[in-house]
Amino acid sequence: SFALHTALIGQLMELNQQVGDFSNLVLDSQLDVSYLMAFLVTDVPRLSEYLGHARGIGAGVLASGNINASQQNRLIELKAGLMLAMAQFDHGMQRALESNTDFSERLAQKRNGVGLGLKNFSQTLDLLIAGDLQQVDRARYFADATAVIGDVFAFGDTVSVLVAELLEQRLRNMKTLLLVLSGVWLLLMLVVMAAGWGTARSILHSIRELVVHFAALANGDYDRRIVADSNDELGRMLKALKCMQVRMGFEFMETQRVA
């Protein structure tokens, strides 16, 4: 039946929303912005379209004083679409408010107003579908439908401003993060440069000591103290040089003794 089909569509839409929530396969990684943007892009046009069609057909039915099967079926379809759109609207707004409670005060009252208006208009549609035309005032019906459409667009304007603020805040946060990362990168570069400078100075100092020690050996100074307290390549070279100094000094003394 049409009612079962409508219920099935509603369940499929709910499943789709749950999958989007838990998998982050949504328009935006931030659920609050994602649902607010979805409302602007999807819910506002869809709600206004259903309401506009229902307003026009209902006004025609009330003007003629009777409803035919074609009009009744069309109103049933519009009612079903409106109910699905209302359910998605409620779910999206609830998830947005749960994801970010900072703007709940700005949206809660208007959201409740839109929901109440949609609910009341849906009940009026039920009277038209049932053929109880005497219980519906034509002018009031048209005015109520127009008011609900206006509330939907007004709420959309509020959401649009809020989305712009959230995106601007995110942009400021990204700029701040970029500055922090740039500062950290610069600090790391300075640390690396300082470490490199210190290492270069240490190597240069060791090389100068080697040059001095070789010069001393060349001048026959075998008593110069050689300090080799490191385990790197230069330290091993100094140790080797120290061994050579001892051996050459011993050989020099032995030569003098024999002479």
Problem - Whether over 12 other heavy atoms sit under 6.0 Å from Met237 CE - result: no
Problem - Rounded distance [0.5 Å steps], CG in Leu188 versus CE in Met193 - result: 13.0 Å
Exercise for the section: Examine Tyr50 and Phe142 and state if one hydrophobic cluster contains both, with Ile, Leu, Val, Met, Phe, Trp and Tyr joined whenever side-chain heavy atoms are less than 4.5 Å apart. Expected result: no
Exercise for the section: Determine, step by step, whether Leu125 and Tyr141 satisfy the side-chain contact (heavy atoms from CB on, under 4.5 Å) criterion, reporting the C-alpha distance in whole Å, the side-chain angles of both residues, the deciding distance to 0.1 Å, and the verdict. Expected result: CA-CA 9 Å; Leu125 276 181; Tyr141 173 84; 3.6 Å; yes
Exercise for the section: Tell me whether Leu47 is reachable from Phe153 by hopping between hydrophobic residues (I, L, V, M, F, W, Y) whose side-chain heavy atoms are closer than 4.5 Å. Expected result: yes
Handout entry: Parallel, tilted or perpendicular, as decided by the 30° and 60° cut-offs, for the rings of Phe155 and Phe89
Key = perpendicular
Practice task
Verify the cluster assignment for Met86 and Leu116: are they in a single hydrophobic cluster under the rule of side-chain heavy atoms below 4.5 Å apart?
Solution key: no
Problem - Gap between atom CG of Leu75 and atom NE2 of His53 - 0.5 Å precision - result: 12.0 Å
Exercise for the section: Decide yes or no on side-chain contact (heavy atoms from CB on, under 4.5 Å) for Asp144 and Thr124, but give the supporting numbers first. Expected result: CA-CA 10 Å; Asp144 288 346; Thr124 305; 5.5 Å; no
Exercise for the section: Let me know which of Asp151, Asp157, Thr158 forms a side chain to side chain donor-acceptor pair (under 3.5 Å) with Lys110. Expected result: Thr158
Problem - Shortest non-hydrogen separation from Asp90 to Arg111 and the atoms involved - result: O-NH2, 3.6 Å
Problem - Min side-chain heavy-atom separation Ile67-Ile129 under 4.5 Å - result: no
Completion exercise
Taking every heavy atom of Ser122 against every heavy atom of Met83, the minimum-distance pair comes out as OG-SD, 3.5 Å
Problem - Note: Arg74-Glu77 ion pair, threshold 4.0 Å (strictly below) - result: yes
Handout entry: Minimum side-chain heavy-atom gap Leu178-Ser182 below 4.5 Å
Key = yes
Practice task
Indicate yes or no for a side-chain donor-acceptor contact from Asp137 to the backbone of Arg140 under 3.5 Å, with no hydrogens or angles considered.
Solution key: yes
Handout entry: Side-chain heavy atoms of Asn120 within contact of Gln123, under 4.5 Å
Key = yes
Exercise for the section: State, to 0.1 Å, how close Arg55 and Phe121 come at their nearest heavy-atom pair, and which atoms those are. Expected result: N-CZ, 4.3 Å
Handout entry: Arg172, CZ: over 12 other non-hydrogen atoms inside 6.0 angstrom
Key = yes
Practice task
May I have the step-by-step check of side-chain hydrogen bond (donor to acceptor under 3.5 Å, both in side chains) for Glu98 and Gln94, ending in yes or no?
Solution key: CA-CA 6 Å; Glu98 290 175 354; Gln94 184 64 31; 3.0 Å; yes
Exercise for the section: Determine, using the 4.5 Å side-chain heavy-atom cutoff (strictly less than), whether Leu162 and Leu171 are members of one ILVMFWY cluster. Expected result: no
Exercise for the section: For the residue pair Met93 and Val114, establish whether any side-chain heavy-atom pair is separated by less than 4.5 Å. Expected result: no
Practice task
Taking the side chain as every heavy atom from C-beta outward, state whether Val159 and Val44 have any pair of such atoms under 4.5 Å apart.
Solution key: no
Completion exercise
To the nearest 0.5 Å, atom OG1 of Thr199 lies from atom CG of Leu204 at 12.5 Å
Exercise for the section: Could you grab the distance from atom CG of Leu82 to atom NZ of Lys119, nearest 0.5 Å is fine? Expected result: 13.5 Å
Practice task
Determine whether Val161 and Leu166 fall in the same hydrophobic cluster, where Ile, Leu, Val, Met, Phe, Trp and Tyr are linked whenever their side-chain heavy atoms lie under 4.5 Å apart.
Solution key: no
Handout entry: Minimum heavy-atom distance Asn68-Gln71, with the two atoms named
Key = OD1-N, 2.7 Å
Handout entry: Minimal non-hydrogen separation, Asn66 against Ser64, with atom names
Key = O-OG, 3.0 Å
Completion exercise
dist Met174:CE -> Leu167:CG (nearest 0.5 Å) comes out at 11.0 Å
Practice task
Determine the minimum heavy-atom distance between Leu36 and Val163, stating which atoms define it.
Solution key: CB-CG2, 3.5 Å
